[in-house]
2 protein chains.
Amino acid sequence: MKSVFQSIQNFSAEELNLLNDLITFRTLKKGELLLTENQVCNEVVFIKKGILRSFFVNHKGDEITNCFAFENEFMASFASFITQEKAEENIQALAETELQILDRKALEKLYQSGFNWQETGRKLTELEFVNLHKRMVSFQKLSGAQRYEELYQNHQKYIQLIPLQYLASYLGITPRHLSRIRKAVV
Amino acid sequence: MKSVFQSIQNFSAEELNLLNDLITFRTLKKGELLLTENQVCNEVVFIKKGILRSFFVNHKGDEITNCFAFENEFMASFASFITQEKAEENIQALAETELQILDRKALEKLYQSGFNWQETGRKLTELEFVNLHKRMVSFQKLSGAQRYEELYQNHQKYIQLIPLQYLASYLGITPRHLSRIRKAVV
DNA sequence: TCTTTTAATAGACAAATGTCCTAAAAATAG
DNA sequence: CTATTTTTAGGACATTTGTCTATTAAAAGA
């Protein structure tokens, strides 16, 4: 986690020590839930090892995967974390996963400790925004087949590591349709 | 614009004076473009009066509306503003529009002038993220008809003020399909 | 106001995508 | 290693949504 912050800004040893003191740790077994819908999300996690997926359940009871996070990436129900309203998402480990955790209090302490943390927080939020925007654009501009094609070309990791049933809802299509698309591509 | 910032944080008279000095003004005629795709977006605008829409063009040449902004809301190609890469969107006035503008330099000056502006910037970015997230969820969870229904129930303003052809692509459907949906609802 | 342009509606048909179901393949547990 | 469960692939058919087009309604310009 430290190295991500340092890639944004040069922090002093003192600032990094404060961070170190605030981080806690946790491991998840495959399939285990980190967050359940209707809980308020009170922590942001950073993945040292493993994969997480976030999903919600639609009116028919189908699980719809909202996003994945891999090693060296952050994950949370950011919407719930920010608004302090109940999360709509569940967050689940897709493999044995090791986490570093910053809870709300810890992050608030960091933010209040100085300008640099505020600035880094803003910049990371901006980057999260840009990522989400790209995903939104892909839903408006592309068909399911084109979104799969894009993953296939630029994010092999997804195709190798994620069960297709999860990938399907992530792409906004049914598993049946993803199977058709894959047949056409290969 | 001032009042939006003040709703986030109590700024001193001095801080607000700095803001005042940095704001510039512009008016747009109906149909006029504020930003064209392939330009880098270098300003964030605040709408005093009027409506803006942001749209991009897909591979078939169709205009796809990405978002709208109304009075007392901000607008920009935030992705381009943040990354300083070329925008994929065009921003256009849907009516006679009056703007307050903060350009990149001005915003940077604000941010560097103190902790409070950094914090407010972070919080506003967080709110933009949450809005975008809601829109993303609506695309994953709901059908086009359900998205229209949601607008109809909770955002009459969109249905009253926005030409249906723009609303259609904003909802991720064709005008033909929107017409069918409206017939079913009424 | 009259004329011209643009926007909205809707029919007929086509294409894309979903539902339901079964069989094979792969992963997991004992 | 075997049995059981889960995942993936794909056939048959249904539904949704898009395309193309024409007509009417509304808006803009002269």
Trainee: Mind calculating the distance between NZ (A:Lys30) and C1' (D:dT5) to the nearest angstrom?
Mentor: 13 Å
Trainee: Round to the nearest Å and state the distance from A:Leu94 atom CG to D:dT7 atom P.
Mentor: 11 Å
Trainee: Using a strict 4.0 Å threshold on nitrogen-to-oxygen distance, state whether B:Arg122 and A:Glu119 make a salt bridge.
Mentor: no
Trainee: Taking CD from A:Glu96 and P from C:dA27, how many angstroms apart are they, rounded to a whole number?
Mentor: 18 Å
Trainee: Output the rounded distance in Å from CD (B:Gln146) to P (D:dT16).
Mentor: 12 Å
Trainee: Would you kindly give the CD1-to-P distance between A:Ile173 and D:dA9, to the nearest whole Å?
Mentor: 12 Å
Trainee: Whether B:Arg53 and B:Glu63 form a salt bridge (side-chain N of Lys/Arg under 4.0 Å from carboxylate O of Asp/Glu) is what I want to check.
Mentor: yes
Trainee: What's the closest nucleotide to the side chain of A:Arg176 if the choices are D:dT17, D:dA12, C:dA7?
Mentor: D:dA12
Trainee: Under the ring-ring contact (aromatic ring centres under 6.0 Å, His included) rule, what pairs show up with a residue in residues 39-67 of chain A, not counting sequence neighbours?
Mentor: A:Phe46-A:Phe74
Trainee: Quick one: is C:dT9 close enough that its OP1 or OP2 comes under 4.0 Å of any side-chain N or O from B:Lys183?
Mentor: no
Trainee: In terms of relative ring orientation, are A:Phe70 and A:Phe68 parallel, tilted or perpendicular, with 30° and 60° separating the classes?
Mentor: tilted
Trainee: Give the nucleotide from the list D:dG18, C:dA10, C:dT17 with an atom nearest to the side chain of A:His177.
Mentor: C:dT17
Trainee: Nearest to the side chain of A:Leu164 - D:dG10, C:dT17, D:dT8?
Mentor: D:dT8
Trainee: Please report, rounded to the nearest Å, how far the C1' atom of C:dG18 is from the CD atom of B:Gln140.
Mentor: 17 Å
Trainee: Can you figure out which of C:dG18, D:dG18, C:dT19 approaches the side chain of A:Lys60 most closely?
Mentor: C:dT19
Trainee: By nearest heavy atom, map B:Ser143 and A:Tyr166 onto DNA chain D; which one lands nearer the 5' end?
Mentor: A:Tyr166
Trainee: In plain terms, say whether B:Arg182 and B:Glu149 are close enough for a salt bridge, that is, a side-chain N and a carboxylate O under 4.0 Å apart.
Mentor: no
Trainee: Can you check whether any acceptor in the base of C:dG18 is under 3.5 Å from a donor in the side chain of A:Arg180, or vice versa?
Mentor: yes
Trainee: Of the listed nucleotides (C:dT19, D:dA9, D:dT7), which one gets closest to any side-chain atom of A:Gln165?
Mentor: D:dT7
Trainee: Within the 4.0 Å heavy-atom criterion, would you say A:Leu178 contacts the bases, only the backbone, or no part of the nucleic acid?
Mentor: nothing
